[in-house]
Amino acid sequence: MIRVYNTKTRSKVDFETLELGCVTMYVCGPTVYNYIHIGNARTFISFDIIRRYLTWRGFKVTFVQNVTDVDDKIIKKAGEEGRSAAEVAAEYTEAFIADMRAANVLDPDIRPKATEEIPEMIELVEQLIRGGHAYEVEGDVYFAVRSFADYGKLSGRNIDEMETGHRDLRSSGLEDRKRDSLDFAVWKAAKPGEPSWKSPWGQGRPGWHIECSAMSKKYLGTPIDIHGGGADLVFPHHENEIAQSESACGCTFANYWIHSGMLQINSEKMSKSLGNFLLLRDVLKTTRPEVLRMLMLQTHYRSPLDFSDERLSESEVALSRITNTVKNLEWLESNAQDIPSRLDIRALLTLIRETRNEFIFAMDDDFNTAGGLGALFAFVGDLNAAIADKTLSLSDLPAIRQARELIAELMGVFGIDLEGEQKAASYPPEVVGLAQKLAGYAGSDTAQAVLALLACRTEARSNKDWALADKVRDGLAAFDLVIEDTPQGPRIA
RNA sequence: GGCGACGUGGCCAAGUGGUAAGGCAGAGGCCUGCAAAGCCUUCAUCCCCAGUUCGAAUCUGGGCGUCGCCUCCA
């Protein structure tokens, strides 16, 4: 049984879906007024892993993530840059999708854009007005917070305390128009030049919160199983979504509210004023997505995560511990010989089974990736010990292959593709250059050239001509072809 | 001020009341011409105090500290 922490109840509870074997999941997407930052990425990667895990566990997951492409911030940005809001939104929507794919985040099943779902939003607003939960004031429509008895239940807030505590901070100038200072806009009258749509209340645009309520309802219905987002969305965004959706449908909006913890940089909150604002695309210029994921996997998704260059390089080393083992296994497999087995196959098969169980045990407990990773590392260690200094027998191959595939499978659940990882690592552009150079130099094809150099070095080593041997190794290393000597001979890592 | 989360070895980080996973770094050793990778050994009693319990990192209360949200925010 999978257990998840539900923000609504502030406790870990059994995960039971509305429909057996199926999960409906909605995660709030970004407002596209800039490239997404590393904090956004943390949230989206967290939910990508949750989604992949649920799928791996056999659920049919329907995953919806919106793009908020009409909003104050977009309009502001457009004004600053002297172009239309639609242009700004289009540019960053495209960039968002590209960045997500670069981070190996799976595309959602449906990615609705707010601007393409306006009729549904208007309908929802009308429904709220009819039900006495919203009211119009000169083209604006506000949600009447006090009409929803459960307001505050998600974030654990008390309406009266909220009001008295911060009235003095509210200075939007619109306060007079609202019946209650807590009320929030579900529809905003358009100012000149702003993007707008025709509505029963005149030209206008939807409020932020109503967008998610409408899109979630349209594509997943009500209620849904999981609604997720960053922890900073709990209030007011998700609280307001609940108020709107539940007022309209009279039923529960979402059964499980899952929130990912905030990302900090060098122990400080990420913000433009502190100058530590990192864009995902900039991080990915120098960091492979697998390494970024590795870093994130090591911290539980609900805990604050501290991002730093040190942790990034530690994660790279940690990841290589796994990739090295896979490479070692592949190499051993291809060099297996027709000899009696020296492995304890039964113990290995047991280990594989236990590792899988430990992984599931950890991940079933509120997606404990650090625990799951621990199981994987422990497996890698045990496996390395079992195969250390051994030549494989042909009869070992099925079990060894199973072990290697387990590693790939579990890493795949984390969104880390070991095969892609190795291909990317093995053939950077420089190597292609070397290949051509080597091929030209040796007057034959590249593989021939490399083999010739290896043979040359092997001979030098057998003659104890270390200087020549090292010269060849250094020469190839300059082109990212790293030679490692093993008891069975040289290999290229 | 209100609400909430968290404090585990040098760093990061799991942890289901029964006596502390894992990664990184460090130390020693094995293997090796050297290197790389790998293996072996070694490295904490869990912020403080008090309670509950046969037994607590895990439960309760109180301190101290850090962080987040309360305003747009993933």
Side-chain angles (χ1 to χ4, degrees), chain A residues 3 7 10 12 27-31 33 36-47 71-73 76 152 155-158 160-162 164-166 169-172 208 228-237 239 259-264 267-272 280 294-295 297-300 302-306 308 310-311 313-322 324-325 327-328 331 358 361-362 365 368-381 383-390 461 464-467 469-470 473-474 477 482-487 490-491 493:
Chain A
R3 310 248 310 155
T7 305
R10 287 190 203 137
K12 253 185 238 179
V27 173
C28 293
T31 299
Y33 67 104
I36 63 162
H37 55 67
I38 191 72
N40 292 301
R42 199 248 171 139
T43 295
F44 300 149
I45 288 174
S46 294
F47 284 100
D71 181 83
D72 292 342
K73 290 193 291 285
K76 184 171 172 239
S155 53
R157 274 156 225 269
N158 176 297
D160 298 312
E161 286 174 359
M162 285 165 58
T164 53
H166 281 277
L169 291 179
R170 296 169 184 275
S171 56
S172 66
W208 177 36
D232 53 349
L233 294 186
V234 173
F235 187 89
H237 187 52
E239 193 70 71
H259 292 97
S260 60
M262 307 309 282
L263 177 142
Q264 297 173 278
S267 306
E268 288 180 317
K269 178 177 173 155
M270 179 169 62
S271 74
K272 282 177 180 167
L280 172 61
M294 200 66 183
L295 187 157
L297 287 166
Q298 294 179 63
T299 302
H300 186 94
R302 278 191 287 114
S303 301
L305 181 146
D306 195 40
S308 67
E310 290 72 34
R311 291 207 60 195
S313 52
E314 281 179 17
S315 300
E316 183 164 21
V317 178
L319 177 61
S320 70
R321 183 164 166 78
I322 290 174
N324 281 339
T325 293
K327 285 181 198 166
N328 285 339
W331 190 83
E358 281 168 25
F361 183 80
D365 182 14
N368 183 352
T369 53
L373 205 53
L376 202 44
F377 274 115
F379 178 65
V380 163
L383 195 55
N384 283 334
I387 61 175
D389 301 324
K390 286 194 177 67
R461 290 184 73 223
K464 299 205 188 297
D465 184 352
W466 310 128
D470 290 349
R473 183 169 62 189
D474 293 346
V482 179
I483 297 176
E484 292 176 1
D485 295 311
T486 73
R491 53 184 277 214

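The shown structure was predicted, so the numbers you read here are calculated from the model rather than taken from an experiment. Proteins get letters first, then strands, A, B, ... in listed order; numbering begins at 1 in each.
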- Taking atom C1' in both B:C49 and B:G65, what distance in whole Å separates the two? 15 Å
- With C1' as the reference atom in both, quote the distance from B:U8 to B:C46 in angstrom, rounded to an integer. 4 Å
- Message: Categorize A:E358 for me: base, sugar-phosphate, or nothing, with a 4.0 angstrom heavy-atom threshold over every strand shown.
- Response: nothing
- On a whole-Å scale, what distance lies between the P atoms belonging to B:C30 and B:A36? 16 Å
- For B:G55 versus B:C3, give the span between their C1' atoms, rounded off to a whole number of Å. 36 Å
- Item | Toward the 5' end of RNA chain B, by each residue's nearest nucleotide, A:G156 or A:S315 | A:G156
- B:G33 P sits how many Å from A:R473 CZ, rounded? 12 Å
- Atom C1', compared across B:U58 and B:G18: separation rounded to whole Å: 11 Å
- Could you tell me the separation between the CD1 atom of A:I45 and the P atom of B:A74, rounded to a whole number of Å? 15 Å
- Base paired to B:G26 (Watson-Crick or G-U; both N/O distances under 3.5 angstrom): B:U42
- Message: Categorize A:G39 for me: base, sugar-phosphate, or nothing, with a 4.0 angstrom heavy-atom threshold over every strand shown.
- Response: base
- Can you tell me how far C1' in B:A20 sits from the matching atom in B:U45, rounded to whole Å? 7 Å
- Query: Please give, in whole Å, the distance from B:C72 P to A:H237 NE2?
  - Reply: 12 Å
- Message: Nearest whole Å is fine: how far is B:C3 P from A:H259 NE2?
- Response: 20 Å
- Task: Name the closest nucleotide to the A:M270 side chain, picking from B:C69, B:A74, B:C34.
- Result: B:A74
- Task: Check whether any side-chain N or O of A:N328 sits under 4.0 Å from OP1 or OP2 of B:G38, and answer yes or no.
- Result: no
- Is there side-chain contact between A:L295 and A:L305, with heavy atoms separated by less than 4.5 Å? yes
- Query: Roughly how far apart, to the nearest Å, are B:A44 and B:A37 at atom C1'?
  - Reply: 29 Å
- Note on the structure: Picking from B:A74, B:C70, B:A35, the nucleotide nearest the side-chain atoms of A:D485 would be B:A35
- Nearest listed nucleotide, side chain of A:D470, among B:C34, B:A37, B:A74: B:C34
- Item | Residue matched to B:G33 through Watson-Crick or wobble contacts both under 3.5 angstrom | none
- Message: Both distances below 3.5 Å, Watson-Crick or wobble geometry, any strand: find the nucleotide opposite B:U19.
- Response: none
- Task: Searching all strands shown, indicate the nucleotide that pairs with B:A50 (Watson-Crick or G-U wobble; both distances under 3.5 Å).
- Result: B:U60
- Message: Please pick, from B:C39, B:G23, B:C24, the nucleotide with the shortest atom-to-atom distance to any side-chain atom of A:A385.
- Response: B:C39
- Selected nucleotide, minimal atom distance to A:R157 side chain, candidates B:A74, B:G33, B:C69: B:C69
- Query: What nucleotide among B:A74, B:C24, B:A37 has an atom nearest to a side-chain atom of A:E314?
  - Reply: B:C24
- Which nucleotides of nucleotides 13-22 of chain B have their base under 4.0 Å from a protein heavy atom (B), which only their sugar-phosphate (S), and which neither (-), written as one string 5' to 3'? SSSB----BS
- Item | Nucleotide of B:A36, B:G4, B:C11 approaching A:E484 most closely (side-chain heavy atoms) | B:A36
- Query: B:C67 and B:A13: how far apart are their P atoms, nearest whole angstrom?
  - Reply: 15 Å
